[in-house]
Amino acid sequence: MEKVAFIINPFSAKKNYQPFLNELKKKVGNPLYYISESILGTDEFILKHFPDTDIFVAIGGDGTISTVAKNLINTEKVLAIFPAGSGNGFSNETQFSKNLDELLEKLNQRKSRKIDTFTVNGRLSINVSGTGFDGKVVKEFEKTDRGFKNYIKVSLKTFFNYKPIKLKFLDEKYQQYNGKYLMVNIANTRQFGNNAFIAPMASKSDGLVDMVLVKKFPLTYSPLFAFRMFTKKLKEDDYITYLPVSEVEFKVNTKNWHLDGEFNKIKSPIHIKVQPASLTILI
């Protein structure tokens, strides 16, 4: 397949990438591919093949996709995805499935569109990033074998012990929202992954992100919160606030963040900035 490169994260999908690679070789013949050894290795592979490649296919989870995407921001190069992560939030939101035939058909048709991305203190995010409870969960989750069941276990264990973080906006028009929160999420798309919709009204092509402020809620509210999140029905109430923003600055008293599900240490003040129509994806 000419002018298409496949980048495989060998640690995704429980390190079982060989069946995908075997099927790819059978159906494509002699594909250009790279089994990623590191983020630096991925960057170098993309740089080497950038002049003669139109579409870069990320095979992995949201973290892998983000690593590939950061090399394609504000270019005409196209991002495609074969989901192989534990949550696959971004691929769910961009209609990529675990079906190689469907992906190859999309690659043959070569239709694309531009979507927004955003940065957190200059670091790229394409899906959902956050701090507070979910930042801590991701930190602990990375110590496990991943998977949805482990995510739920870690979430429950963390919830009971987690103290809310303090949030302070630098812009006067948002200072009414200063306070303590269980978690603060920045959503370019609607879901974390695993069809958990934290921001059901978010759009990846409106020049905005939804800032989701969640106060710590009583255990009795948990079933309702979970039901609404998994049925796309979360909405503002006594515990949840949505702020659509294109750019915002604030401080939080923690450095624990996740960017597209990958743990990061980020020091306040925090500067969120949307990059409108900055990434071209296959459709």
Side-chain angles (χ1 to χ4, degrees), residues 1-9 12 20 24 28 31-34 36 39 42-43 45-47 49-85 87-120 123-129 186-195 197 199 201-210 246 259-262 273-283:
M1 184 166 284
E2 293 181 4
K3 297 187 176 181
V4 177
F6 297 83
I7 298 167
I8 301 169
N9 180 351
S12 292
F20 168 84
L24 179 67
V28 174
L32 173 63
Y33 70 91
Y34 171 67
S36 178
I39 291 174
T42 295
D43 293 344
F45 174 83
I46 293 173
L47 181 64
H49 295 282
F50 202 84
D52 54 0
T53 301
D54 293 332
I55 305 172
F56 290 90
V57 185
I59 298 95
D62 286 351
T64 304
I65 297 163
S66 188
T67 297
V68 175
K70 79 178 190 323
N71 291 277
L72 313 182
I73 294 296
N74 294 320
T75 75
E76 292 306 311
K77 303 300 181 179
V78 179
L79 172 71
I81 300 163
F82 186 88
N88 300 315
F90 187 75
S91 55
N92 289 343
E93 290 293 282
T94 47
Q95 287 75 55
F96 285 96
S97 70
K98 295 182 180 181
N99 184 310
L100 183 56
D101 289 331
E102 286 183 14
L103 174 61
L104 295 178
E105 180 60 28
K106 286 185 177 184
L107 290 170
N108 285 326
Q109 292 180 1
R110 303 209 169 200
K111 295 179 181 177
S112 63
R113 62 172 290 204
K114 289 187 179 293
I115 65 167
D116 304 335
T117 61
F118 68 98
T119 57
V120 181
R123 304 186 199 190
L124 179 70
S125 180
I126 58 175
N127 193 54
V128 178
S129 294
I186 314 299
N188 187 43
T189 74
R190 300 175 300 167
Q191 63 169 295
F192 288 126
N194 292 305
N195 295 310
F197 293 86
M201 301 304 291
S203 167
K204 54 190 175 293
S205 56
D206 62 354
L208 301 169
V209 288
D210 276 8
S246 59
L259 302 183
D260 299 325
E262 300 292 320
K273 185 173 175 60
V274 176
Q275 303 180 115
S278 55
L279 178 64
T280 306
I281 61 167
L282 199 69
I283 58 173

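Ser246 OG to Lys273 NZ: the interatomic distance, rounded to the nearest 0.5 Å, is 7.0 Å. Atom OG of Ser91 and atom CG of Asp62 lie 6.5 Å apart (nearest 0.5 Å). Atom OG1 of Thr42 sits about 7.5 Å away from atom CG of Asn9, to the nearest 0.5 Å. A distance of 10.5 Å separates CD1 of Ile39 from CG of Asn71, quoted to the nearest 0.5 Å. In this structure, CD1 in Ile8 is found 10.0 Å from OG in Ser36, a value given to the nearest 0.5 Å. Taking CG of Asp210 as the reference point, atom CZ of Arg190 lies at 12.0 Å (rounded to 0.5 Å).
Two residues are said to be in side-chain contact when any heavy atoms from C-beta on lie closer than 4.5 Å; Leu107 and Leu104 meet this criterion. Annotation: side chain of Val274 is in contact with side chain of Asp116 (closest heavy-atom distance under 4.5 Å). Phe90 is listed as a side-chain neighbour of Thr189, based on a closest heavy-atom distance under 4.5 Å. Two residues are said to be in side-chain contact when any heavy atoms from C-beta on lie closer than 4.5 Å; Leu124 and Ser66 meet this criterion. Asn99 places none of its side-chain heavy atoms less than 4.5 Å from the side chain of Leu103.
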Inset, instruction - Dump the intermediate steps for side chain to side chain contact (heavy atoms under 4.5 Å, CB included) on Leu79 and Thr280, then the final yes or no. - result: CA-CA 6 Å; Leu79 172 71; Thr280 306; over 6 Å; no
Inset, instruction - Evaluate the side chain to side chain contact (heavy atoms under 4.5 Å, CB included) criterion for residues Phe96 and Asn88: first the C-alpha distance (whole Å), next the side-chain angles of each, then the deciding distance (0.1 Å), finally the verdict. - result: CA-CA 9 Å; Phe96 285 96; Asn88 300 315; over 6 Å; no
Legend entry - Candidate pair Phe192 and Asn92, rule side chain to side chain contact (heavy atoms under 4.5 Å, CB included), full reasoning: CA-CA 10 Å; Phe192 288 126; Asn92 289 343; over 6 Å; no
Inset, instruction - Start with the C-alpha gap between Arg110 and Val4, add the side-chain angles, then the distance that decides, and say whether side chain to side chain contact (heavy atoms under 4.5 Å, CB included) holds. - result: CA-CA 11 Å; Arg110 303 209 169 200; Val4 177; 3.5 Å; yes
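Applying the side-chain hydrogen bond (donor to acceptor under 3.5 Å, both in side chains) criterion to Thr67, with sequence neighbours excluded, gives no partner residue. For the side chain to side chain contact (heavy atoms under 4.5 Å, CB included) test, residues two or more places apart in sequence or in another chain that qualify with Arg113 are Ile115, Lys204, Ser205, Ile281, Ile283. Residues satisfying the ring-ring contact (aromatic ring centres under 6.0 Å, His included) test with Tyr33, not counting sequence neighbours, are none. Among residues two or more places apart in sequence or in another chain, the side chain to side chain contact (heavy atoms under 4.5 Å, CB included) test is passed with Ser278 by Ile73, Asn74, Thr117, Gln275. Looking at residues two or more places apart in sequence or on another chain, you find a side-chain hydrogen bond (donor to acceptor under 3.5 Å, both in side chains) between Ser125 and Ser129, Asp260.
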Could you pull out all donor-acceptor pairs under 3.5 Å where a side-chain atom in residues 51-60 meets a protein atom, sequence neighbours excluded?
{"residue": "Thr53", "atom": "OG1", "partner": "His49", "partner atom": "O", "Å": "2.8"}

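Using a distance-only test at 3.5 Å, with no hydrogens or angles considered, a donor-acceptor pair links the side chain of Asn188 to the main chain of Ile126. Between the side chain of Asn127 and the backbone N or O of Gln191, at least one donor-acceptor pair lies under 3.5 Å.
For the salt bridge (charged side-chain N to carboxylate O under 4.0 Å, His left out) condition, the pairs that include at least one residue of residues 63-85, sequence neighbours left out, are Asp43-Lys70, Glu76-Lys114. Every pair passing salt bridge (charged side-chain N to carboxylate O under 4.0 Å, His left out) that includes a residue from residues 99-109 is listed here, sequence neighbours excluded: Lys27-Asp101.
Here the two rings, on Phe20 and Phe82, have centers that are under 6.0 Å apart.
The two residues Ile81 and Thr94 come nearest to each other via the heavy atoms CD1-OG1, 3.9 Å.
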